[in-house]
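Have a look at the structure below before the remarks.
The first residue in the sequence is number 1, and the count goes up from there.
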Amino acid sequence: MIGTRFQNGSLSLVKNKRADDSWFFRYYDSVDGERVHRNLRIGSVREYPRRRDAEKAVLSLRSNINCGVRSPETVLALVAHYRKHELTTERKAFATVEAHESYLTLHILPKWRDYRLSEIKTVAVEQWLETIDLAPATKTKIRNIMSAVWSHGIRHEWMTFNPISKVRTSAKRLREPDVLTPSEFQALLKELPLRERASVMLAGSTGLRRSELFALRWSDVNFFTMEVAVTRSCVRNHFGETKTDASRKPVPLHPSVQDVLVEWHGGSLYNGDEDFLFPSLRMNGQQPLTPDMVLKKVIRPALVRAGITGKVIGWHSFRHSLATNLRSLGVDVKVAQELLRHANSRTTMDLYTQAVSADKRDASRRQIDLLLA
């Protein structure tokens, strides 16, 4: 029987007049009790110039075929294994699983699903990404997810090289994110009812992410120490850990924000310690409000009434606005990093860029006024 017989397989170099010569590994497989001949391309002589280099590449393959483990041969098969063993809520946050599933289903598999793994080349993937009509940051996300899938294959010793790791993409924004000036923020607050005013003031003063904001319960608010504990996140009513370890730091409450929260606590139908700060009335307080619903039905109409047009404002805009305003006040980047709860200062500096540009424009204007006065 094939399953009990040890086989070494055979490695051979196949000549090609139109492309680089390639190494192929030939062995037998068992499919439904039938003996099937396999001819797997390992790589070109550019990747493995010498036979001993190619032999190293097939060591894990030879081990797998003799222990009954079948190596995936197509992108679809590798993605299926990645989904089953790596892309799970036990290993990754729910939001990450959702995002990866979306990119795999909508973009990666429609193009590459039937390609053999040996056919995936760096330049080909790079050229494909250049042709699809998506934002640079989205293309970079697709590249990173593909690279994670290939790294999964390398970890299982099905391959030795990740062609996606060399793919070049740019994550440069097509436009700077819109932020609210202090006067615009104040104008917005005047147009909001108490519940939404409390949520926007809390988001705008602390930089809480929307997943953190809507996961808050009243027990997380300490009116005595004037702090809010950030211990969980909520994405589509799935509760989990915060984005990073740095995110699990308490955020300070400004007295004016605390006053609004106290007022909202008295007016809310659900104000017990374990109740959500911003509960869904439709769900009898058992779930928090849906952030997108609040944005669409309340906040964006209020922006129009406040005369704030031409800007695309979402929940993350309040976080960007906080970073921009901190920079305009001259707050040290390390202090801003602590307030925004970034894992590293590089992210904080990236958010500071917009404010720096505004400072440069102002400096340039004053310089020109001086020259032309």
With distance as the sole test, does Glu47 use its side chain to make a donor-acceptor pair with the main-chain N or O of Ser44 at under 3.5 Å?
yes
Is it true that Leu202 and Val179 fall in one hydrophobic cluster, defined by side-chain heavy atoms closer than 4.5 Å?
no
Is it true that atom NZ of Lys296 has more than 12 heavy atoms of other residues, nucleotides or ligands lying nearer than 6.0 Å?
no
Using the test salt bridge (charged side-chain N to carboxylate O under 4.0 Å, His left out), find all partners of Asp275 that sit at least two apart in sequence or belong to another chain.
none
Show the atom names and distances, to 0.1 Å, of all donor-acceptor pairs under 3.5 Å that link a side chain in residues 112-122 to residues at least two apart or in another chain.
residue : atom : partner : partner atom : Å
Glu119  : OE1  : Arg116  : N            : 2.9
Lys121  : NZ   : Ser118  : O            : 3.4
Thr122  : OG1  : Pro163  : O            : 2.6

May I have the list of side-chain donor-acceptor pairs in residues 193-201 shorter than 3.5 Å, sequence neighbours left out?
residue : atom : partner : partner atom : Å
Arg197  : NH1  : Leu192  : O            : 3.0
Ser199  : OG   : Glu196  : O            : 2.8

Measure from the side-chain N and O atoms of Gln286 to the backbone N and O of Met283, and report whether any donor-acceptor pair falls under 3.5 Å.
no
I need the minimum non-hydrogen distance between Phe239 and Pro288, along with the two atoms involved.
CZ-CD, 4.0 Å
Would Arg50 and Asp53 pass as an ion pair if we require N to O under 4.0 Å?
yes
Filter on side chain to side chain donor-acceptor pair (under 3.5 Å), then keep only pairs touching residues 256-268, sequence neighbours left out; what's left?
His254-Ser256
Test log, rule side chain to side chain donor-acceptor pair (under 3.5 Å), inputs Asn237 and Gln287
CA-CA 7 Å; Asn237 291 315; Gln287 295 178 4; 2.9 Å; yes
Strictly distance-based, threshold 3.5 Å: is any side-chain N or O of Trp315 a donor or acceptor partner for the main-chain N or O of Pro291?
yes
Spell out, as yes or no, whether a donor-acceptor pair under 3.5 Å connects the side chain of Asn162 to the backbone of Trp150.
no
Can you list, pair by pair, the side-chain donor-acceptor contacts under 3.5 Å of residues 124-131, counting residues two or more places apart and other chains?
residue : atom : partner : partner atom : Å
Glu126  : OE1  : Arg168  : N            : 2.8
Glu126  : OE2  : Arg168  : NE           : 3.4
Glu126  : OE2  : Arg168  : NH2          : 3.2
Thr131  : OG1  : Trp128  : O            : 2.7

Between the side chains of Glu212 and Arg209, is the shortest nitrogen-to-carboxylate-oxygen separation below 4.0 Å, so that they form an ion pair?
yes
For Thr140 and Thr169, test the side chains for any donor-to-acceptor distance below 3.5 angstrom and give the result as yes or no.
yes
In terms of heavy-atom contacts, does CZ of Arg282 have more than 12 from other residues, nucleotides or ligands at under 6.0 Å?
no
Answer yes if the side chains of Tyr48 and Thr160 hold a donor-acceptor pair under 3.5 Å, and no otherwise.
yes
Measure centre to centre between the rings of His156 and His81, then say whether the value is under 6.0 Å.
yes
Counting neighbours of NZ on Lys141 that are heavy atoms of other residues, nucleotides or ligands and sit closer than 6.0 Å, is the number greater than 12?
no
What residues, two or more places apart in sequence or in another chain, satisfy side chain to side chain contact (heavy atoms under 4.5 Å, CB included) together with Ser102?
Leu106
